[in-house]
Amino acid sequence: MPTRAKVEMAAYGASAAALAVVPSMDLPAAHAAAAAVSGGSLWWLYRKTKTRDFARTIKSAQRLLGPVTAGAVYAACAAIPGRPWWETALALGWGGLMTAALPITRSTWTPPNDTPAAYPAGFTGLVMRLWDDAEVAPGTWLENIEQLLSPAHPDFTADIVAPVGKPVPRIDPVTAAAAFGVPTDSVTVTDIPHTGPGLMRLTVTPTRRSHGQSIEDVWAQKVARPGGAIPGSHIVEVRQYPSQGDIPARGMILAAVEPGEVARVSHGQLCSAFGVEPEELRLVAESRGREVLVTLYESAPLKASRRATRDLLTLDAYGRYTIGTAHDGSDAKVSMQSAAGTLHGFLVGVTGSGKTVTLALMCAAWALAGLANWVTSARPDAQMSAVGRHVDRQGSGALFTWWMLKTALALMDIRGEMNTEAGHDFSAHSPYPGLVLVLDEFNSLVNDPVFGDDIAEWTDILAREGRKFGIGIVFAGQSLNLTKLGGNASLREQVQGGIGVVLRISGGIAARQATGGLAGDAELAEIPDRFNASMTLLDRMNGTPSTVPGDPTQGVGHTVTGSDATMMRCLHVHLPKDGSPDGLGEIFPASDAINTLTDREIDALTALGLWHDWSTPPPSDTDGSPAPIPAPSSPAEGIATFTPPPVHTKPKKTTVKDQILAVVTREMTAKEIRAAVDATPGTVRNALSDLVATGKLTQVDHGLYAPAQAPATLTPGLDAD
């Protein structure tokens with residue numbers, strides 16, 4: 001038996017002997033001492049009950065059980081004169097009971113080992129114990145404790161629960177902060193929606209503070225101020241999530257501007273407000289109407305790429321396929337058709353941005369959906385030639401494109417006749433396959449001196465009218481200049497409604513300029529060529545070398561639909577540039593079947609002299625008049641009533657450069673040239689630069705131009721600009 005227990009048993013024995021003898025003696029001092037001990041114990045126990053701390057009250061009652069009951073025995077024995085036999089029995093009985101109850105009356109007594117512990121293990125138990133020990137709100141306890149950021153961060157939320165029928169008392173943030181050892185301004189206590197005052201939400205976020213300021217203070221001072229990243233905005237909700245798989249830990253802020261306003265986001269200013277560099281790609285801002293969702297990651301979330309599969313590229317129940325992985329780890333999906341039923345779209349990205357791989361993914365998705373693909377580009381490319389082995393038609397050059405578009409126009413007429421005869425609408429349920437025309441490096445194609453004007457005109461017609469005949473246009477290039485297509489709102493709306501992907505574009509060029517306006521007003525973060533590869537100015541000042549290049553950002557970009565944009569990374573498929581084996585067979589149809597036009601359509605195009613390898617020069621007469629399309633030797637089956645429309649060659653357009661060359665017959669200032677040419681000042685300025693670069697004009701001095709063959713002078717005009 002432990003020594004302490006022996007001592008306590010001896011004390012109870014001595015006390016029992018004293019209770020049997022002393023009360024009957026005439027000793028006022030002993031009576032006073034017994035009354036003081038017993039009365040003091042009762043007063044102390046009463047004080048404990050006033051604190052409403054039940055647990056501490058029980059512990060105090062355990063310790064005071066002996067003195068209080070001994071006082072009652074002493075008073076009973078002292079009140080009866082003499083020394084009857086029952087006084088001795090009562091005193092000895094009290095001593096026996098106290099000895100038996102010895103474990104309970106100890107202040108250090110704890111329940112047996114089979115009783116659950118008072119607090120759970122780990123972070124949850126620690127928070128509950130700190131709350132109880134500090135007596136922040138006596139009588140309350142914490143439930144639903146959840147860490148917000150990660151196991152290594154102390155940020156958490158918890159529910160403060162009061163006894164049934166009682167409200168949670170007013171909580172002093174200073175006391176709560178002291179309980180957990182955190183700054184006072186990182187503790188908040190708020191109401192929980194749809195609950196009463198007996199339940200409150202405690203939020204402790206010490207790592208959310210920035211240089212002593214809360215996130216709300218930073219937002220108000222650096223983001224919402226006039227001229228800030230999102231002027232006039234306010235925080236609606238803040239959440240934090242731990243890392244999961246390839247997705248690093250992140251904090252998310254949902255903000256909004258006042259009703260009736262539209263949120264305007266400056267991505268560069270937003271990065272500056274939170275102290276991150278744009279090229280880190282850690283901050284993503286998504287705006288929609290008056291709301292903005294800002295996500296800040298601990299590290300770049302798109303460094304890992306996902307392998308493309310047929311399942312991902314196969315249409316789901318909503319007519320969408322997965323083109324990549326969004327920054328939050330979800331599937332980045334795009335629709336095969338727009339709400340208006342068009343197959344149009346656009347893809348923009350500089351060399352090395354992953355544009356060709358993305359085109360291959362699109363072609364595979366169209367093939368899996370049963371669509372036929374015709375693909376053209378400005379110049380031959382080994383990667384696109386590999387894609388060409390899996391699609392109906394693929395080639396390069398302006399001549400191939402000229403024939404391709406001319407054939408597509410004729411197909412519209414052929415399908416129009418079919419529609420009249422059989423009522424086909426060329427939708428997904430039509431027996432005739434949809435056709436997607438991919439125009440890669442579109443700017444170069446429309447600027448071809450021989451075929452460029454026809455390519456621009458026919459593309460415009462197909463983009464406007466192709467939907468009715470199941471024909472779509474997808475523009476692709478390092479940047480898109482659609483001024484030759486008219487550039488009006490109706491055409492842009494046709495293309496904007498379909499798939500839009502913007503990868504890395506030329507540094508400093510705005511998305512609206514790079515996409516020809518097809519991205520609308522979407523705010524797109526600039527994609528660097530590598531993750532976090534730039535050197536800080538302080539490193540440059542200190543001469544610190546940057547020896548570790550960042551990871552490449554091939555395939556990182558945005559999916560764009562209307563004004564909505566999502567940062568993502570495209571799926572990956574092995575597509576080498578040297579003609580070695582590729583991985584395209586893993587994403588195109590497993591049967592290796594290639595979707596083509598129907599025999600009826602091919603027969604009709606053959607009869608019109610359009611179904612060949614599209615590498616022969618177009619027909620022409622020596623007198624410059626258009627040559628007729630060869631008539632069929634016999635009517636094609638099923639289209640006996642179809643008569644191809646007469647082909648008219650439109651007169652060659654006079655370009656801005658032609659006008660400038662016709663005007664500049666002497667030294668002229670830019671102001672004089674702009675006054676004589678029917679074009680906008682910016683167009684004239686760009687044309688002048690191109691003419692000087694090609695040697696067709698001479699720039700004598702700033703703002704002064706002369707014919708190429710004219711001798712240069714060094715005297716600028718008076719009105720040069």
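Index from 1, following the sequence.
A distance-only check finds no donor-acceptor pair linking the side chain of Thr342 to the backbone of Arg467 [under 3.5 Å]. Side-chain atoms of Asn373 never come within 3.5 Å of backbone atoms of Val438 as a donor-acceptor pair (strictly under, hydrogens ignored). Side chain of Asn595 to main chain of Leu371: a donor-acceptor pair is present (N/O by atom type, distance under 3.5 Å, no hydrogens or angles). Checked by atom type and distance alone, the side chain of His267 pairs as donor or acceptor with a backbone atom of Leu283 at under 3.5 Å. In this structure, Asp613 contributes its side chain and Ser615 its backbone to a donor-acceptor pair below 3.5 Å. For the pair Tyr321 (side chain) and Leu368 (backbone), a donor-acceptor distance under 3.5 Å is absent. A donor-acceptor pair is defined here as one N or O able to donate and one able to accept, closer than 3.5 Å; such a pair exists between the side chain of Trp403 and the backbone of Thr616. At least one donor-acceptor pair closer than 3.5 Å links the side chain of Arg310 to the backbone N or O of Phe588. Although no hydrogens or angles enter the test, the distance criterion places no donor-acceptor pair under 3.5 Å between the side chain of Arg504 and the main chain of Val350.
A salt bridge is absent between Asp328 and Arg250: the closest approach of a Lys/Arg side-chain nitrogen to an acidic carboxylate oxygen does not fall below 4.0 angstrom. Ion pairing between a basic and an acidic side chain is recognised when a charged N comes within 4.0 Å of a carboxylate O; Asp246 and Arg306 show no such pairing.
Leu445 and Ile455 make their closest contact through O-CD1, 3.6 Å (heavy atoms, listed as atom of the first residue, atom of the second, distance).
Rounding to the nearest 0.5 Å gives a distance of 6.5 Å between CG of Leu439 and CG of Leu437. Here the straight-line distance linking atom CG of Leu610 with atom CD1 of Ile602 works out to 13.0 Å at 0.5 Å rounding. Rounding to the nearest 0.5 Å places CG of Asp453 at 13.0 Å from CH2 of Trp402.
The aromatic rings of Phe400 and Trp614 stand perpendicular to each other, their planes meeting at an angle above 60°, with 30° marking the opposite boundary. Taking the six-membered ring where tryptophan is involved, the planes of Phe442 and Phe475 are perpendicular, since the angle between them exceeds 60° and thus also 30°.
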Q: Evaluate the criterion salt bridge (Lys or Arg N to Asp or Glu O under 4.0 Å) for residue pair Lys355 and Glu441; output intermediate values, then yes/no.
A: CA-CA 11 Å; Lys355 178 167 62 72; Glu441 300 298 344; 3.6 Å; yes
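If you run side chain to side chain contact (heavy atoms under 4.5 Å, CB included) between Val334 and each of Thr566, Val560, Thr559, only Thr559 comes through.
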